[in-house]
Amino acid sequence: MFISTFDLFSVGIGPSSSHTVGPMRAAAMFLASLEDEQLLDSVRRVKAEMFGSLGATGKGHGTPKAVLMGLEGEFPETIDVSAISNRVAVIKEEQKLSLNKKHSIDFDYEADLILNRKNSLPLHSNGMQFIAFDNQGNTLLEKRYYSVGGGFVHDDEAITAETPLVDTHKNDEFYDFASAKELLELCKTHRLSISELMLHNESVNTDVDIVKSQLISIWDVMAQSVKNGCNATGILPGGLNVPRRAPQLYQQLSGNPEKGLNDPLTVTDWVTLYALAVNEENAAGGRIVTAPTNGAAGIIPAVMHYYKNFVPHANNEGLSKFLLTAAAIGTLYKKNASISGAEVGCQGEVGSACSMAAGALCEVMGGTPEQVENAAEIGMEHNLGLTCDPIGGLVQVPCIERNAMASIKAISACRMALLGNGSHFVSLDKVIKTMRDTGRDMRDKYKETSRGGLAINVLEVPVNIVEC
Ligand code: SF4
């Protein structure tokens, strides 16, 4: 199965790919089913229930507002983020919902949108159930969906199938790979770099110039999210009272450029800034690129900014190659382990993003495919076991700083790999398997439930979390 670069890097909204982007897409899928079966006009009531991690931490992750906006026919890629709060307030006040922007129904926020804090659906930790009723109270349509990480959503059929039922990318012209070993063999056989191989795959069905311009569009959104984060001020929403730090750091760094001449490590402060800026935007519900998840959305943009601003001869071609290489590595995690904090802990989110960024930077800095594989392996090896324990169920602490730390780690992993010749002791495939196994052994309280780790040890009294 070929996973596209544009599946792994999609434009979305904060704060969470699995808890915000996924539920919005699930609601849209439910609407599409109602439309397909010509039931929409008969609907008088819709009930949406969130289970598992979505129920436990959905309030802090903005799941309810995402579901409401999805039921109103919005998509993460295009929704006007500045209008969401107001629209949710109107829905609550008027107790009306406009399904797919064309069919108005009564909607009782308390009774029709349920967060099950303790119950889970059997097939996945991020389950959702949508039911539509007619005017007699009879069920018209009932569907279950699962937000499996990175904004990807499966229904009952897809999640029980060993491979997705429909592979829209399937074509013999693709260089298909299921492991790093296969990827390296393909590169060797066809004398391609990893980014060239991925560009070939993306261009099988789409003109290569369009693919390149789409890649730069993804970069543009990333760059804008850094700018937005550097310019926004104030306290992040949700009740933890976490201040935005990026604006002040930006002022400090840009106001004292001489420091960079005396202290070469100032570069790392800039990398920290880029990551903080994106993740603060994400925490505030702003527009970001899911890369490959929202919680870890700052790492790849931060390392790309490092490449663009500090690596000699950086250019747009390099930025495109960066995204393509990162996507090849992300594909390996998606196929063989998980990129979901609810499934394998933070090693699947921040760890995967660190590994993707390390390998991608290595490629654009001239690394061979073997060195890229080595960099990606180092990037994950030293994130193994990383738990997911967001305080208050908000993607703020430890998530924001963790992205900055992983960005620096990715750069270091790349440099370590470039110092060698690509041969190394632990293969990327083995470390991916280890991440998956470690995730399976990890207790559920460390998988995006906010029932363990920092989430229970920092605050003496739980904060009164408001929806963000
Ligand atoms: S701790 Fe990691 S996996 Fe958990 S919400 Fe934060 S970034 Fe995501």
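Source: prediction; values computed, not measured. For ligands, and for the atoms within them, numbers begin at 1 and follow the listed sequence.
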So which heavy atom in the protein is nearest atom 5 (S) of ligand 1, and how far is it from that ligand atom?
Cys399 SG, 3.7 Å

Within the 4.0 Å heavy-atom shell around Arg402, which atoms of ligand 1 are there?
1 (S)

Students often mix this up, so state it plainly: with edges at 30° and 60°, are the rings of Tyr250 and Trp270 parallel, tilted or perpendicular?
perpendicular

Find all atoms of ligand 1 within a distance of less than 4.0 Å from any non-hydrogen atom belonging to Cys388, and give their numbers and elements.
1 (S), 3 (S), 4 (Fe), 5 (S)

Going by side chain to side chain contact (heavy atoms under 4.5 Å, CB included), Leu54 matches just one of Val67, Asn126, Leu115, Asn116. Which one?
Asn126

Would one find an N, O or S atom of Cys346, in either backbone or side chain, under 2.8 Å from atom 2 (Fe) of ligand 1?
yes

Using the rule side chain to side chain contact (heavy atoms under 4.5 Å, CB included), only one of Ile91, Asn100, Leu99 pairs with Glu72; which is it?
Ile91

Would you check if the side chain of Asn294 reaches a backbone N or O of Ile13 as a donor-acceptor pair within less than 3.5 Å?
yes

Between Glu363 and Ser193, do the side chains contain an N or O donor and an N or O acceptor separated by less than 3.5 Å?
yes

Any idea which protein heavy atom is nearest atom 3 (S) of ligand 1, and the distance to it?
Glu349 CD, 3.4 Å

